[in-house]
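Here's the structure we're looking at; comments come further down.
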Amino acid sequence: MSWIIENSLNKFQYFLVNILKCGPIPKHVGIIMDGNRRYAKKIKAEKVVGHSRGFDKLSETLEWCKEIGIKEVTVYAFSIENFKRTEREVAELMDLASEKFKKLLEEEDKLMLEGVCVRIIGDLSLLRKDLQKLIAKAMLLTKDNTKSYLNIAFAYVSREEISTSIKNVIKGTEDKFLEVDDVTETLLSQSLYLNSFPDLLIRTSGEVRLSDFLLWQSSNCVIYFSDVLWPEFSFWNFVLCILHYQKSYYNLKPRNLYGNAPICRSENERVEKYLTFLRVNRLDLLKTYAAN
Ligand code: FPP
Ligand code: MG
């Protein structure tokens, strides 16, 4: 199945989307796509079938998000904790990811036409070389796109992201880029893999926890727990998520009402230099992965 699917909604669904659009729509949605293996068990299939159906559901959901006007989606595709699963399941998930990232690169024209910036967030050094290369190519190819953002958390957990951010900042002070007083909430946020804050976080499968996903970024967002298994998540379940967001919207703190925007750039010249250094380093690492 393709990453970008089009025109899958029927007339009534389009009508409903237009009604929902009269109310507030989240700019950025985070999704913990949980329940793939339980789904596989339910249909008496191998685990990998559950994960593959999970990918198909992701494509569908991305279309719903696009139709309703959600500009940014961040999904939890593989946690660092998931490396503890059986060797076979980890290998199957990596093979699936490799197949899908290849497909993503084949869809270059569509991605560029739609202006999708694809970012893979996580500790990419933990991944196989073939995956590092595919991921780096996809990120480099789409890095200047700004119409919409697809962030895929892969080999990711929040605590690793936060500790890496802190390590980078400490290194910045040791290398005399920064002074201790430059270390602020804003700077730590800007040093994360993802300096963008979801307005709505969805978790499927009935589990009521965050599993180390976007802990920093979700400090102020609406959370919706859905009982359905991810591959069974339907358009109607998606509508319930949006309705939940709209119901909660007016109770949100002012920061959210004015948009849950990423923390903006600093005026401090030292900080600017450090952030440029960090960005260049990250870009160089991607270029190395892409070339190897
Ligand atoms: C959680 O369900 C799902 C995962 C660990 C993998 C999610 C991956 C996909 C949906 C494929 C996406 C691929 C790419 C490249 C973006 P689970 O395995 O924890 O199932 P369970 O909760 O029923 O045990
Ligand atoms: Mg699970």
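Just follow the structure's listing: the first ligand is 1, and inside any ligand the first atom is 1. In this chain, residues are counted from 1 in sequence order.
Geometrically, ligand 1 and N36 share a nitrogen or oxygen pair separated by less than 3.5 Å. Polar contact with ligand 1: present for R37 (N/O pair, distance under 3.5 Å). The N/O atoms of R38, backbone and side chain alike, include one that comes under 3.5 Å of an N/O atom in ligand 1.
Using modelled atom types and a 3.5 Å distance limit, the side chains of H51 and N36 yield a donor-acceptor pair. Side-chain contact, E60 with S8: no donor N or O sits under 3.5 Å from an acceptor N or O. In this structure, a donor-acceptor pair under 3.5 Å is present between the side chains of E160 and T164. Checked by atom type, the side-chain pair N168/S165 shows no donor-acceptor distance below 3.5 Å. Side-chain atoms of Y76 and T74 include no donor-acceptor pair closer than 3.5 Å.
Of the protein's non-hydrogen atoms, the one nearest atom 15 (C) of ligand 1 is A97 CA, 3.8 Å. The shortest contact between atom 12 (C) of ligand 1 and any protein heavy atom is with F55 CD1, 4.1 Å. Atom 5 (C) of ligand 1 has as its closest protein heavy atom N82 OD1, 3.5 Å. The protein heavy atom nearest to atom 7 (C) of ligand 1 is A77 O, 3.4 Å.
Between atom 4 (C) of ligand 1 and the options M94, K100, H51, the minimum heavy-atom separation is to H51. Of the listed options D34, L96, I31, D34 places a heavy atom closest to atom 17 (P) of ligand 1. Nearest-residue assignment for atom 19 (O) of ligand 1 (options K42, E207, R85; heavy-atom criterion): R85. Within the set K57, K103, R53, M33, the minimum heavy-atom distance to atom 3 (C) of ligand 1 is found for M33.
Under 2.8 Å from the Mg ion (ligand 2) lies no N/O/S atom of E207, from backbone or side chain alike.
Of the candidates K42, R38, R53, K42 is the only one forming a side-chain contact (heavy atoms from CB on, under 4.5 Å) with E232. Just one residue in the list T173, D175, L187, D182 forms a side-chain contact (heavy atoms from CB on, under 4.5 Å) with Y274, and that residue is L187.
Contact annotation for L229 and ligand 1: no heavy atom of the residue comes within less than 4.0 Å of the ligand.
Listed here is the closest heavy atom pair of I120 and F154: CG2-CB, 3.7 Å.
Assignment of S205 to the shell around ligand 1 is not supported, since no heavy atom sits closer than 4.0 Å.
With rounding to the nearest 0.5 Å, the separation of CD in Q190 from CG in N195 is 6.0 Å.
Taking the N/O/S atoms of D34 in turn, the shortest distance to the Mg ion (ligand 2) belongs to OD1.
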**OP:** Output, in order, the C-alpha distance, side-chain angles, deciding distance and verdict of ring-ring contact (aromatic ring centres under 6.0 Å, His included) for Y245 and Y224.
**Re:** CA-CA 8 Å; Y245 174 77; Y224 184 77; over 10 Å; no

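Residue-ligand proximity, G54 to ligand 1, at heavy-atom distances under 4.0 Å covers atoms 10 (C).
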